[in-house]
Amino acid sequence: MGCALSPSDAPHYRSLSLWHETAEDDWVPRPSLPGDRDTDVAIVGGGFTGLWTALYLARADPSLRIAVLEAETAGFGASGRNGGWCSALFPSSLGSVAKRSSREGALALHAAMRGAVDEVLEVAAEEGIDARAAKGGTIGLARSEPQWVRARAEVDEARRWGLGEDDVRVLDAAEATEVLAGTRVLGATYTPDCAAIHPARLVRGLAEAAVRRGVAVYERTPVTAITAGSVVTRHGTVRAERVIRATEGYTRSLEGQRRQVVPVYSLIIATEPLPDDVWEQIGLRRRETFTDHRHLIIYGQRTADGRLVFGGRGAPYHFGSRIRASYDRVPRVFDALHETLVDLFPVVKDAAITHRWGGALGITRDWTASVGLDRATGLGWGGGYVGDGVGTANLAGRTLADLVLDRDTELTRLPWVGHRSRAWEPEPLRWLGINVGLHAMTWADREEARTRRPSRIARLVSPFIH
Ligand SMILES: Cc1cc2nc3c(=O)[nH]c(=O)nc-3n(C[C@H](O)[C@H](O)[C@H](O)COP(=O)(O)OP(=O)(O)OC[C@H]3O[C@@H](n4cnc5c(N)ncnc54)[C@H](O)[C@@H]3O)c2cc1C
């Protein structure tokens, strides 16, 4: 990605998504790095990971010199554009975390993720950030027999881990419809651990809070390379004892890091604000976030101003992990999302779709998120959240702050700390493998719709993508 934008970039940034447009922010970029600098901690990337890290560090030790270097503007990446689920979802199952650590470790990580939802809301309130949040939980509808089987299996699995009704539970058809009146509802899962948020208001608020606490946020400053002790940009070099990579889906832009994290696109549409009588028919009275149990992920929220924001995967992975503004907007995917939305809620058939956008999230080769800090080199990282980055990036920020401050805490002992994923395959294998995986999920949903039985395709592919 380049930085070919001029000082009057504010209109460009404002048009990136519904969230950018409604963040009540002027989007005027902060100054770029003015030349070489010495600092204690340099953080590359001004999204949730970078800004939470900066904020927790500044709160813990106001004497630390902290610089955030952002290629565009704070909240330009996934953090400003996402579906606004601040959830306790972690991208790996309890089973796979336990396999790499222990049952206790997996449960501790799960508990920390649940805590992250409240932590985000509490710290946002403390810092005076109005993220238009409502903690209504998440409802996952089951709208076919195979989805219903998966929904109940998910709750059974939670019980085997000792997690109770307060964590996740099954709703029957009547209870589910009372929360969310979608079509063909057989039942649902419900968890209280999610808040619907306005992500751009949160990420912009975090940047302001960090600046207020003395953090230097340099915008329109693309970093070309990170090495032990320095961050190289064409505006100058920042020397720092600790350097944190917080570039998630954009990590390929750093020299030598092309195969660490791949960018996979997720796209979103938003309706105009819907009238009260339509909301009476749909539900989501507590602004529960929603999905169903299909294979190709969909996600939605009722916004504070009464819109439906609805997103999903299905956009292709681009050869060489390329990222371009045009990849954010794929008419075929927007049309498919609209069709799915109207299939779920026929009452919104004539509602105007006022916004369409997308962005890149980050996936590592083993689909495992991690944070860490190599004490020998001073290089740290956080990311690979596979679309569950809003809550997870908060946990990452707190954990990175503890690691930078050399603190041995409950957070630094969680089993995702220090995990290293191997590099993705070189092209064209990477392109082939990822796109086959993405298509397989669509085929699996079609197969289930046709046969009304659990998909064999999904069974074949899932070991490779989770
Ligand atoms: C469309 C979409 C919907 C999503 N929905 C949800 C959701 O509902 N819930 C959820 O939990 N997660 C969701 N996610 C995932 C979540 O948004 C991300 O995982 C999370 O925001 C990642 O935060 P981050 O700070 O690590 O990365 P980002 O927010 O992507 O920030 C990285 C920053 O680094 C900057 N950068 C990149 N390269 C350089 C460089 N070379 N030099 C300097 N700066 C650089 C970028 O400009 C960017 O601002 C979604 C993602 C997308 C794209």
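Both ligands and their constituent atoms are indexed starting at 1 by order of listing. The first residue of the sequence shown is numbered 1, and numbering continues consecutively from there. Basis for what follows: all heavy atoms, side chains included, without hydrogens, waters or symmetry-related copies.
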Asks: Would E410 and R413 pass as an ion pair if we require N to O under 4.0 Å?
Replies: no

Asks: Closest by any non-hydrogen atom to atom 47 (O) of ligand 1: pick that one out of E70, E72, E255.
Replies: E70

Asks: Could you tell me which atoms of ligand 1, counted from 1 in the order shown, lie closer than 4.0 angstrom to a heavy atom of F76?
Replies: 47 (O)

Asks: What atoms of ligand 1 come within less than 4.0 Å of a heavy atom belonging to L69?
Replies: 43 (C), 44 (N)

Asks: Could you list which atoms of ligand 1 come closer than 4.0 Å to a heavy atom of G84?
Replies: 8 (O)

Asks: Only pairs under 3.5 Å count here: list side-chain donor-acceptor contacts from residues 394-403, not counting sequence neighbours, and write none if there are none.
Replies:
residue	atom	partner	partner atom	Å
N394	OD1	R398	NE	3.0
N394	OD1	R398	NH2	2.9
N394	ND2	Y56	OH	3.0
T399	OG1	L395	O	2.6
D402	OD2	T409	OG1	2.8

Asks: Polar contacts were defined as any N/O atom of the residue lying under 3.5 Å from an N/O atom of the ligand; does this apply to G50 and ligand 1?
Replies: no

Asks: Would you tell me whether Y218 and T233 have side-chain atoms, one donor and one acceptor, within less than 3.5 Å of each other?
Replies: no

Asks: Show the atoms of ligand 1 that are less than 4.0 angstrom away from any heavy atom in S253.
Replies: 38 (N), 39 (C), 40 (C), 41 (N)

Asks: Can the ring centroids of F48 and Y385 be said to lie less than 6.0 angstrom from one another?
Replies: no

Asks: Side chains of T22 and R201: do they bring a donor and an acceptor to under 3.5 Å?
Replies: no

Asks: Report, in ascending order of atom number, the atoms of ligand 1 lying under 4.0 Å from any heavy atom of L254.
Replies: 41 (N)

Asks: Do T138 and T191 have a side chain donor and acceptor closer than 3.5 Å?
Replies: no

Asks: Is the Lys NZ or Arg CZ of R302 less than 6.0 Å from the centre of W279's six-membered ring, within 45° of the axis?
Replies: yes

Asks: Give the atom numbers and elements of ligand 1 that come within less than 4.0 Å of a heavy atom of G83.
Replies: 3 (C), 4 (C), 5 (N), 6 (C), 7 (C), 8 (O)

Asks: Looking at P222, which atoms of ligand 1 are within less than 4.0 Å of one of its heavy atoms?
Replies: 42 (N)

Asks: Polar contacts were defined as any N/O atom of the residue lying under 3.5 Å from an N/O atom of the ligand; does this apply to R81 and ligand 1?
Replies: no

Asks: Test the R329-Y265 pair against the cation-pi criterion, namely NZ or CZ under 6.0 angstrom from the six-membered ring centroid and within 45° of the ring axis.
Replies: no

Asks: Taking the six-membered ring of W27 as reference, does the NZ or CZ atom of R204 fall below 6.0 Å from its centre and within a 45° cone about the axis?
Replies: yes

Asks: Just which atoms of ligand 1 are under 4.0 Å from any heavy atom in D388?
Replies: 10 (C), 11 (O), 12 (N)

Asks: Atom 53 (C) of ligand 1: which of G312, G359, G387 has the nearest heavy atom?
Replies: G359

Asks: Is any N or O atom of T73, backbone or side chain, closer than 3.5 Å to an N or O atom of ligand 1?
Replies: no

